[in-house]
Amino acid sequence: NAGVTQTPKFQVLKTGQSMTLQCAQDMNHEYMSWYRQDPGMGLRLIHYSVGAGITDQGEVPNGYNVSRSTTEDFPLRLLSAAPSQTSVYFCASARGRSYEQYFGPGTRLTVT
Amino acid sequence: AQSVTQLDSHVSVSEGTPVLLRCNYSSSYSPSLFWYVQHPNKGLQLLLKYTSAATLVKGINGFEAEFKKSETSFHLTKPSAHMSDAAEYFCVVSGKAAGNKLTFGGGTRVLVKP
């Protein structure tokens with residue numbers, strides 16, 4: 001099992017550009033989520049999904065879109081990047097909402 | 001609303017001495033509580049979890065934590081620090097009132113001196 005994989009590992013964007021962060025898991029987990037990590041703030045939930053076709057907003061959803069067309073994949077889209085979105089992004093998956101979450105290695109994004 | 005406060009942003013210990021990382025939580029219902037560790041430039045790894053069974057929870061790498069409902073605390077300890085314990089540690093709460101979403105503390109960075 002590869003677990004949770006994320007691509008790319010690093011990305012630099014200019015303000016206003018768009019991009020998609022990829023996340024995939026091979027554990028057949030129903031629950032997937034995206035977090036951003038900023039210094040001193042722990043991880044904050046951006047969006048989550050409880051199964052294919054179902055997504056919902058987390059704590060800091062503005063500026064991000066998600067979709068879940070398959071159980072395995074949960075991409076995160078930045079529609080128009082802003083410097084405030086400079087952060088490290090983590091994807092996680094779990095059997096269900098109340099189960100242990102498994103984290104990917106992260107994507108470090110810089111917006112200039 | 002649920003919340004987590006990690007009382008120390010940085011902890012410095014000498015190798016071979018005990019480690020104590022303090023965590024207080026707030027949750028409307030009986031919560032699930034977790035400790036995660038993040039080594040530099042890595043993802044998060046689960047150390048241990050409390051889900052309303054035994055109040056003293058043993059985790060990986062010699063860590064343990066005690067759930068104290070009266071003090072709303074879930075402190076993480078290890079009797080003897082190793083150099084490999086240098087990392088950032090996150091206390092996390094999850095409760096039904098918040099739809100079982102995870103709420104993270106701000107993190108405690110541990111430095112281990114030789």
Side-chain angles (χ1 to χ4, degrees), chain A residues 1-10 21 23-25 27 29-51 54-61 87-110, chain B residues 1-11 21 23-27 29-53 57 59-60 65 74 87-109:
Chain A
N1 281 359
V4 180
T5 57
Q6 293 182 238
T7 56
K9 289 193 189 313
F10 301 94
L21 307 185
C23 173
Q25 53 92 8
M27 297 174 281
H29 284 170
E30 291 296 322
Y31 185 85
M32 296 186 74
S33 53
W34 276 102
Y35 296 86
R36 59 178 288 172
Q37 182 180 25
D38 302 294
M41 302 185 75
L43 275 69
R44 292 180 292 166
L45 182 64
I46 304 172
H47 286 285
Y48 66 97
S49 168
V50 298
I54 306 168
T55 64
D56 205 348
Q57 295 181 350
E59 186 182 350
V60 288
S87 188
V88 182
Y89 292 84
F90 288 98
C91 178
S93 75
R95 277 200 292 160
R97 276 194 189 192
S98 59
Y99 291 87
E100 170 191 349
Q101 295 200 23
Y102 294 83
F103 287 82
T107 294
R108 187 174 296 274
L109 175 68
T110 301
Chain B
Q2 63 187 22
S3 65
V4 178
T5 301
Q6 291 183 241
L7 298 168
D8 306 290
S9 59
H10 293 81
V11 168
L21 305 184
C23 171
N24 287 116
Y25 70 90
S26 171
S27 179
Y29 296 96
S30 296
S32 294
L33 291 156
F34 308 82
W35 276 99
Y36 282 85
V37 61
Q38 184 182 29
H39 287 95
N41 300 313
K42 300 288 188 185
L44 279 75
Q45 180 185 18
L46 182 69
L47 277 179
L48 50 80
K49 60 182 176 182
Y50 165 80
T51 54
S52 75
V57 182
I60 60 172
F74 190 57
E88 190 158 20
Y89 294 78
F90 293 95
C91 182
V92 182
V93 66
S94 172
K96 286 184 180 178
N100 288 322
K101 296 174 194 171
L102 301 185
T103 298
F104 285 74
T108 298
R109 190 170 296 277

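Protein chains get the first letters and strands the later ones, always in sequence-line order, with residue 1 at the start of each.
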Note to self: Quick check for you: to the nearest 0.5 Å, what is the distance between A:Tyr48 atom OH and B:Leu102 atom CG?
What the structure shows: 11.5 Å

Checklist line | For A:Ser49, side chain to side chain donor-acceptor pair (under 3.5 Å) partners two or more places apart | finding: A:Arg68

Checklist line | A:Phe103 CZ to B:Gln38 CD distance, which is reported to the nearest 0.5 Å | finding: 9.5 Å

Item checked: Spatial distance of atom OH (A:Tyr99) from atom OG (B:Ser94) [nearest 0.5 Å] -> 12.5 Å

Item checked: Spacing of A:Glu59 atom CD and B:Lys101 atom NZ [to the nearest 0.5 Å] -> 9.0 Å

Check: For B:Gln6, is it the side chain, the backbone, both or neither that has a heavy atom under 4.5 Å from a heavy atom of chain A?
Finding: neither

Checklist line | A:Arg108 portion near chain B, given a 4.5 angstrom heavy-atom threshold | finding: side chain

Item checked: Which portion of A:Leu45 sits near chain B, non-hydrogen atoms under 4.5 angstrom -> side chain

Check: In Å, rounded to the nearest 0.5 Å, how long is the span from CG of B:Leu44 to CD of A:Gln37?
Finding: 6.5 Å

Notebook entry, point to check: From A:Met41 CE over to B:Phe104 CZ, what is the distance, rounded to the nearest 0.5 angstrom?
Noted result: 13.5 Å

Notebook entry, point to check: With B:Phe90, which residues qualify under ring-ring contact (aromatic ring centres under 6.0 Å, His included), at least two apart?
Noted result: none

Next item on the list: Answer with side chain, backbone, both or neither: which region of B:Lys49 has an atom nearer than 4.5 Å to a non-hydrogen atom of chain A?
Entry: side chain

